[in-house]
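Heavy-atom basis, side chains included; hydrogens, waters and symmetry copies ignored. In each ligand, atom 1 is the first atom listed, and ligand 1 is the first ligand listed.
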Amino acid sequence: MKKKPESDENAKPAESGDEKLPPFLRKLHLPGCSMWSAMLWCMVGALLIAQLWGQGAGESERLSYTTFREYLDAGHIAEVTLVERSLEGEFAAPVQYELETGEIVTLTTFTTHLPVFGIDALLPDLEARGVHVTAKPPMDISWPVLLINILPWAILIGGLYFMSRQMRGRGQNIFSIGQSRAKLYDRRKEHTTFDDVAGAEGAKGELQEIILFLKEPERFQRLGGEIPRGVLLVGPPGTGKTLMARAMAGEAEVPFFSITGSDFMEMFVGVGASRVRDLFNDAKKAAPSIVFIDELDSIGRRRGAGLGGGHDEREQTLNQLLSELDGFEPNEGVIVVAATNRPDILDTALLRPGRFDRRIAVDLPTLDARHAILKIHARNKPIADAVDLKRLARGTPGFSGADLENLLNEAALLAARRNVDEIAREDIEEARDKVLMGLQRENLALTDQECEFLAYHEGGHALVAAILPRAEPIHKVTIVPRGRAMGMTQQLPRRDKYLYSRAYMEDRLAVMLGGRAAERLVFDAATSGAADDLKQATRLARKMVLDWGMSDRFGHIAFGEDEDQVFLGEDIARRRQYSEATAREIDEEIRAILDGAYEVATATLREHREALDRLAELLLEHEQIPGAEVLALVGREDDLHAENAVPCNL
Ligand code: ADP
Ligand code: MG
Ligand code: ZN
């Protein structure tokens, strides 16, 4: 929320506004002047309305005392009502009266004001002329007067009530705007524990250690070490950072305050800072305690980087946070845990020692962790025995914990749609395809020729993958269009890989280019369907040359920039650190690698041409073929059984 302050007055932090208030209001954390101006408007409106009411009530003519006496003496007056010294009267018959403007009006009633000494003398005269006299107590005020007095207050109070109700609707009270909105966890009610978090053993261990710090600080300070103040959980979205914090809340035996970065923000400038202050006051009072700030990047972004100038709300909030982090002594027993998926945009001041000095990386889950996560989320779902979660974990590299949860959820919905009591393998398979590639595009009308192209293209990928020794095993081949892809050859890596050999990379490139190679070989034509393949292959070849030193010409040089942070989504614009001539050589080298892989693919397909034709035929007929059948076509069924043996195929 970016609201530029309208004036310098507004830009001051909340206290300066507070100081102008009477002490009893200062306690209420009223933010700046915004609320006062709202009140003012209410009052002005109320007065205007009251004014209009006052004019609308038809006034009878006010006569001077002398004129009144004249009418009385002439016997024109039928009755009068006395309220203290003002007098309202009614004429016996309408009289013609000339106003100061010279206009003549007909009057039936009038009012007048009695002089202080006049009343005693007047009463006998009224009685003598037979005028009916009523005297009223002074409190009996006529209703327009009442309205004028009450209405402004009514509107004011109504307006305040309305505003406070609106704010309460958003979970706040008008008088507590500057108060922290952190949630204080009740450990007895929070049932998440570290057992609900699979994988991420390192991160879990660190967090558990922090709980220990708070429980027995002496043990750690014995040797002069200082307990960390801030811990930053860093990792891609959906890897379980928030989940871990919840588990921490469930297991820590200390008060656990939890808040999301954006909760500090409000329309009013200065509120965020005041909330930070409030949160830390609460935490210190409850110490030892843990403060968890989720999505820290929403307030912790680098200062002065935006266009908004130096003084916006977010920046003040961040400044306050920084000073609070500095503020408490190490032994005050408050540890701040924060989570973010964009550490690259965090203000460097946050990351310096003494603030968030511990960084815990929460990475995408490995094969075993994925398996464990799947088991956790399969706990309350009836899954058929035939489903092999280990195999599913293998088929979902790069999935985060949240993705895996989503996959099982989709599968459960699909099974429910079929009205069965168990989630079957097909449901999971379908859900995976859906999550991976999007929905099936059923109404896509392909011509026969396009289908044939597609079948040979995918057949090319699959066959090369089946034959080359280091290629990952094929899971299935399909020419059912899904999402943006027209077809797909899915491979299941035997295990997560951390090291890749050059030979492995070359086989992988050959598989990627197998589609295009088949098109050229069979139809001597090229289609646009290979666009993605080419892009991927080029990117890979580029990495081989620039980062991994896998080219003969350059040997062991890395031209690339440091890419440690790539997984965090940081934008990597490669800065070139080589000459124009080298750039050309690099391009040539990349090209040589791609050409080589393409040659391998073409040669492989040429050698197994019959198998390719047969595979394309099968694909056209069934649209989808399991990997085992592809292997059978080239006589390598026995490889299937080796699948679980996990050989090292660097
Ligand atoms: P983050 O905060 O890192 O973006 P979340 O903690 O919100 O991710 O994760 C979203 C959901 O994904 C969790 O509620 C949980 O169900 C699931 N999940 C993520 N990681 C794991 C994990 N390691 N173990 C079990 N479930 C996980
Ligand atoms: Mg989160
Ligand atoms: Zn392809």
Among the heavy atoms of G238, does any lie under 4.0 Å from an atom of ligand 1? yes

>> Is there a polar contact between ligand 1 and E405, counting only N or O atoms under 3.5 Å apart?
In response: yes

### Query
Taking atom types as modelled, is there a side-chain donor on H461 or Q491 under 3.5 Å from an acceptor on the other?
no

| Contact check: I373 vs ligand 1, nitrogen or oxygen atoms, below 3.5 angstrom | no

Nearest heavy-atom approach of R229 to L325 is NH1-O, 3.0 Å

Atom 10 (C) of ligand 1 has as its nearest protein heavy atom A402 CB, 3.9 Å

Quick check on P237 - does any of its heavy atoms sit under 4.0 Å from an atom of ligand 1? yes

With a 3.5 Å cut-off and no angle check, do the side chains of R394 and H475 form a donor-acceptor pair? no

d(L521 CG, R516 CZ) to nearest 0.5 Å is 13.0 Å

So the atoms of ligand 1 within less than 4.0 Å of a heavy atom of V197 turn out to be 23 (N), 24 (N)

Does a donor on one side chain and an acceptor on the other come within less than 3.5 Å for Q490 and R432? yes

Sequence neighbours excluded, the answer for ring pair (Phe, Tyr, Trp, His ring centres under 6.0 Å) partners of F213 is F220

Ignoring waters, protein N/O/S atoms under 2.8 Å from the Mg ion (ligand 2) are T242 OG1

Vertex the Zn ion (ligand 3), ends H457/NE2 and H461/NE2: angle to nearest 10° comes to 100°

Exam field: side chain T260 to backbone D263, donor-acceptor pair closer than 3.5 Å: no

The protein heavy atom nearest to atom 25 (C) of ligand 1 is D196 O, 3.3 Å

Checklist entry - Are there more than 12 heavy atoms of other residues, nucleotides or ligands under 6.0 Å from atom CG of D385? => result no

The Zn ion (ligand 3) -> D533, closest N, O or S atom is OD2

Min over D403, L233, V362, T242 of heavy-atom distance to atom 7 (O) of ligand 1 lands on T242

CD1 of I479 to CD of E458, rounded to nearest 0.5 Å, is 8.5 Å

For H377, the ligand 1 atoms with a heavy-atom partner under 4.0 Å come out as 15 (C), 16 (O), 17 (C), 25 (C), 26 (N), 27 (C)

Residue, atom and distance of the protein heavy atom nearest atom 23 (N) of ligand 1 read A198 O, 2.8 Å

In terms of heavy-atom contacts, M550 and Y500 come closest through CE-O, 3.6 Å

(request) Look only at interatomic distance and state if I376 has a nitrogen or oxygen under 3.5 Å from any nitrogen or oxygen of ligand 1. (result) no

Could you walk me through whether D613 and R609 pass salt bridge (Lys or Arg N to Asp or Glu O under 4.0 Å), step by step? CA-CA 6 Å; D613 290 337; R609 180 60 201 264; 3.2 Å; yes

Using a 3.5 Å cut-off on N or O atoms only, is G240 in polar contact with ligand 1?
yes

inquiry  = Run D368 and K390 through salt bridge (Lys or Arg N to Asp or Glu O under 4.0 Å) and show every step you take.
reply    = CA-CA 8 Å; D368 289 333; K390 179 92 188 174; 3.2 Å; yes

R502 vs D507, salt bridge (Lys or Arg N to Asp or Glu O under 4.0 Å): CA-CA, chis, key distance, verdict = CA-CA 9 Å; R502 179 168 170 185; D507 279 6; over 6 Å; no

| query | Going by distance only, is there an N or O of L243 that falls short of 3.5 Å from an N or O of ligand 1? | reply | yes

